Amino acid sequence: LLRLVAKPALPRHPRTERWGGNGAVCAVVWEDMAKHAANAAAASSMPKYTIRLALMWALPVLSFLFGHFLVVPILLAALLTPVEVPKLRQKLFSPRLRKHLPCLKVPALMRLSVLWLLQVWWIIVWRASGDASSIAAGSALLAAAEDVALASEAAGPIDEATGEVLKHENLAWSPATFSVVLPCAGEGEYALNTVRSVYESMPREALKEIIVVDDGSSPPLTASYLGEAAREKYGVKVIRHESTVGLIGAKADGGAAATGDVIVFFDCHVAPQKGWHSSFLKLIGENYRRIVVPQITDLDVGTWKQRSAKNGQAKCYLTWDADFKWFESEDRYVPILSGGLLGISRRWWNETGGYDEKMIGWGGENLDQSLRSWLCGGEIVAAKDAYVAHMWRVPTDRRTKANYKVAHGAAQANRMRAAMAWYGEFSEKLRAFPGMSPDRKDRSGAPWYGDISNILEVKHKLKCRSFAWFMRRFKHVYEDGGLIPSETFAMRASVNGQCLTYLGNAGTSPDGKGRAALKRCDPDDDRQRWHGANRDTAKSGAPCCSGVRAWNTDQCLTGATEGSRGGATTFVCEISGSRHDQMWSLDGEGQIRKKGGGFMGSSCLEADASGTLRVSGCKGGVGLSNSAPWTKHQPEEPVESRLYHKALEGGKG
């Protein structure tokens, strides 16, 4: 191109009289290049215009071969095809129209260049926004399903097995007043800030009382921040524990003393935003067996203001080790409560027995209360327009430090009580977690987690459903999210015969992340077993799986670390399938491939003979070499899958 431009003399062209100057040079250059291309095509053995058509359709065809049907690049190529093929051009356009078509006044090479730019631009945009659009499409489907469900609620609940609307007693009622319970242990000024925020966030006629349970604060709150003047101004009742009994006991005492139609439990470091009570009244009024949770946002401790209403959290799901994880979905139903922020009718609180009085301190009561509600005829929903700003415990911020202690092992025992009471036959799964063994006894020979007959009594009285029903009710979590995998397997590297091994323990990662490395394959090592996980939002209905999860953990594969001794990296699984860095799979070519390849290329997890793992461009595979880089080793159906399908076949789901 530079050589053509640098010629001392250029032949004049009629168009150069109009364009002049540099335009003349460019016009002649483009036409010279077009003529050279045309002459080369004519001189070859290929039919005329074959090369031009091949260049036009190259990107759409290559993208299709990589499994992506891209409509816009195909349409662009299809629109230009009649212009570039004379016979088609003559059939489709009259001589007069051909004379005035703007695109025919532009050299062919320029037309092709513009086409390539538009096609490549579209592919880049598609790759950047493809995941978001897939999620949006899945969200629309879920929203439509929710609309159908909401429309049928007036008639009655839906039988999960048959899909029929069932008749039931009228669960609607007309609540009018709230009792807000605040368990406060060493909260100091935060107790007063929370009381004031609750009082100012709702009308006087709706707030019957604020019950502050002073759980062993020193000095007592009545002698410091909640003196007589403050209590009278904000309508506060104080229940005093001389020594700290723990969050669960404090909430239980507050709930027992409540006299309002609806009991609301808030932590003693929150700022409810105005209007939250309206959603609570409406949703609980539709069904007295309904627990309602707000959108939990971030509180600025210095100003006691909500930082932002964006990114509010409301939903958790239950993991096999009786822990809970945050997640997102488009419907309003909440499988598991996060803990301290909720509203419940006083009637449903009493019918379900409140909190387990044998739980100690903090932790696990949210699991028990959630399963009591779902399995015994109730439900939990999130109020999308109710916001409560919450102070999160941040290790680097001394202002958020807890001023109380939780007895060692108490939370674990509490979680175990909930699991053993509600898991049923699925309690066998707990043996996979060393700290949650159901067979362990205390010194007296009794179960280490204590007597759970009080919970079983409620379960029997309310004729509660099975745990399999709960998992089927939340199919989008447990089946589609990969919590009940059809198989687990090892992934063996062909280069050295070793297996990818998660380096953490079974259960929840302490810091939310983990690592994996190659180790000698051991059929008895469960840390070498993986399975598909996370919803695939690119597919209709968003079924499983778009990621790879380390079995019996909360960790999904995210990539690899840099360096000469790099290993694979993991992070807490996002079961909704919204995290692009978790979109990995062991594909049919034996590649551990990251989703999102297409024409722009794809990434794969590779191993070398020394055991180093790294992410690089995919190469090799069954179709391109003699052996696959990775093989699925010793696949088998896990115990949770066997128990689940057996329960469904027996009618428990």
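The shown structure was predicted, so the numbers you read here are calculated from the model rather than taken from an experiment. Heavy-atom basis, side chains included; hydrogens, waters and symmetry copies ignored.
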Student: Under 3.5 Å, is there a donor-acceptor pair between the N366 and R415 side chains?
Tutor: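 Per modelled atom types, N366 and R415 side chains form no pair under 3.5 Å.
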Student: Starting from the C-alpha separation in whole Å, work towards a yes-or-no answer on side-chain contact (heavy atoms from CB on, under 4.5 Å) for W326 and S338.
Tutor: CA-CA 8 Å; W326 296 98; S338 64; 3.3 Å; yes
Student: Measuring from S345:OG to I284:CD1, what's the distance to the nearest 0.5 Å?
Tutor: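 So the gap between those two atoms works out to 7.0 Å.
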Student: Please verify the inter-ring angle class for F327 with Y317; under 30° counts as parallel, over 60° as perpendicular, anything in between as tilted.
Tutor: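 Taking Y317 first and then F327, their aromatic rings stand perpendicular (interplane angle over 60°).
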Student: What are the two closest non-hydrogen atoms of S217 and C184, and how far apart are they?
Tutor: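 Minimum heavy-atom contact is OG-O, 3.6 Å.
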Student: Examine the side chains of K315 and S329 and answer whether a donor and an acceptor come within less than 3.5 Å of each other.
Tutor: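 There is such a pair (donor and acceptor under 3.5 Å, judged by atom type) between the side chains of K315 and S329.
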Student: Could you give the distance from CG (N287) to CH2 (W348), rounded to the nearest 0.5 Å?
Tutor: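 One finds 8.5 Å between CG of N287 and CH2 of W348.
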Student: Does R472 make a cation-pi contact with W469 (under 6.0 Å, within 45 degrees of the axis)?
Tutor: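 That pair does not qualify as a cation-pi contact.
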Student: Under the 6.0 Å and 45° cation-pi test, does K632 pair with F489?
Tutor: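 Yes, K632 and F489 form such a contact.
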Student: Could you check, using the six-membered ring where one of them is a Trp, whether F474 and W374 have ring centers closer than 6.0 angstrom?
Tutor: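 Yes: the rings meet the under 6.0 Å criterion.
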Student: Going by atom types only, do Y644 and E479 share a side-chain donor-acceptor pair under 3.5 Å?
Tutor: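 Result is yes, a qualifying pair exists.
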Student: Do D526 and N552 pair up side chain to side chain, a donor and an acceptor below 3.5 Å, judged on atom types alone?
Tutor: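 Not at all, the side chains of D526 and N552 share no donor-acceptor pair under 3.5 Å.
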Student: Verify the distance criterion only: is there a donor paired with an acceptor across the side chains of N534 and Q582 at less than 3.5 Å?
Tutor: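 Result is yes, a qualifying pair exists.
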Student: In Å and rounded to the nearest 0.5 Å, what is the SG to CD distance from C521 to Q528?
Tutor: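 Atom-to-atom, C521:SG and Q528:CD are 5.5 Å apart.
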Student: Less than 6.0 angstrom separating the ring centers of Y502 and W551, yes or no?
Tutor: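 Centroid separation for Y502 and W551: 6.0 Å or greater.
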Student: Please report the closest heavy-atom contact between V477 and I575, naming both atoms and the distance.
Tutor: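 Heavy atoms of V477 and I575 come nearest at CG1-CD1, 3.7 Å.
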Student: Side chain to side chain donor-acceptor pair (under 3.5 Å) between D323 and T508: does it pass, once the steps are laid out?
Tutor: CA-CA 8 Å; D323 206 346; T508 297; 2.9 Å; yes
Student: Would you say the side-chain atoms of E328 and S578 include a donor-acceptor pair closer than 3.5 Å?
Tutor: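 Checked: E328/S578 side chains show no N/O donor-acceptor pair below 3.5 Å.
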Student: Side chains of H390 and D267: do they bring a donor and an acceptor to under 3.5 Å?
Tutor: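 Distance-only check passes for H390 and D267.
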Student: Show your working on side chain to side chain donor-acceptor pair (under 3.5 Å) between N193 and H269 and close with a plain yes or no.
Tutor: CA-CA 8 Å; N193 291 344; H269 37 255; over 6 Å; no
Student: Have K251 and Y355 got a donor and an acceptor in their side chains that come within less than 3.5 Å?
Tutor: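 There is such a pair (donor and acceptor under 3.5 Å, judged by atom type) between the side chains of K251 and Y355.
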Student: Ignoring hydrogens and geometry, is there a side-chain-to-backbone donor-acceptor pair from H645 to S641 under 3.5 Å?
Tutor: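 Yes; at least one donor-acceptor contact below 3.5 Å.
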Student: I'd like to know if D397 and R399 make a salt bridge, using a cut-off of under 4.0 Å between side-chain N and carboxylate O.
Tutor: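 Salt bridge present between D397 and R399.
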Student: Can you say whether the rings of F470 and F467 are parallel (under 30°), tilted (30 to 60°) or perpendicular (over 60°)?
Tutor: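 Ring orientation of F470 relative to F467: parallel.
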Student: Can a side-chain donor-acceptor contact be found between T569 and T558 if the only test is distance below 3.5 angstrom?
Tutor: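 Judged by distance alone, the side chains do pair up.
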Student: Cationic tip of K513 within the cone over F571's six-membered ring, i.e. under 6.0 Å and within 45° of the normal?
Tutor: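 Geometry flag: not set, cation outside 6.0 Å or 45°.
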Student: May I ask you to test the E640-L643 pair for a side-chain heavy-atom distance under 4.5 Å?
Tutor: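 E640 does not reach L643 side chain to side chain.
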Student: Tell me whether the guanidinium CZ or amine NZ of R346 lies under 6.0 angstrom from the six-membered ring centre of Y288 and within 45° of its axis.
Tutor: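 Negative - R346 is either too far from the ring of Y288 or too far off its axis.
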Student: So, T488 versus W530: side-chain donor-acceptor pair below 3.5 Å or not?
Tutor: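 Short answer, no.
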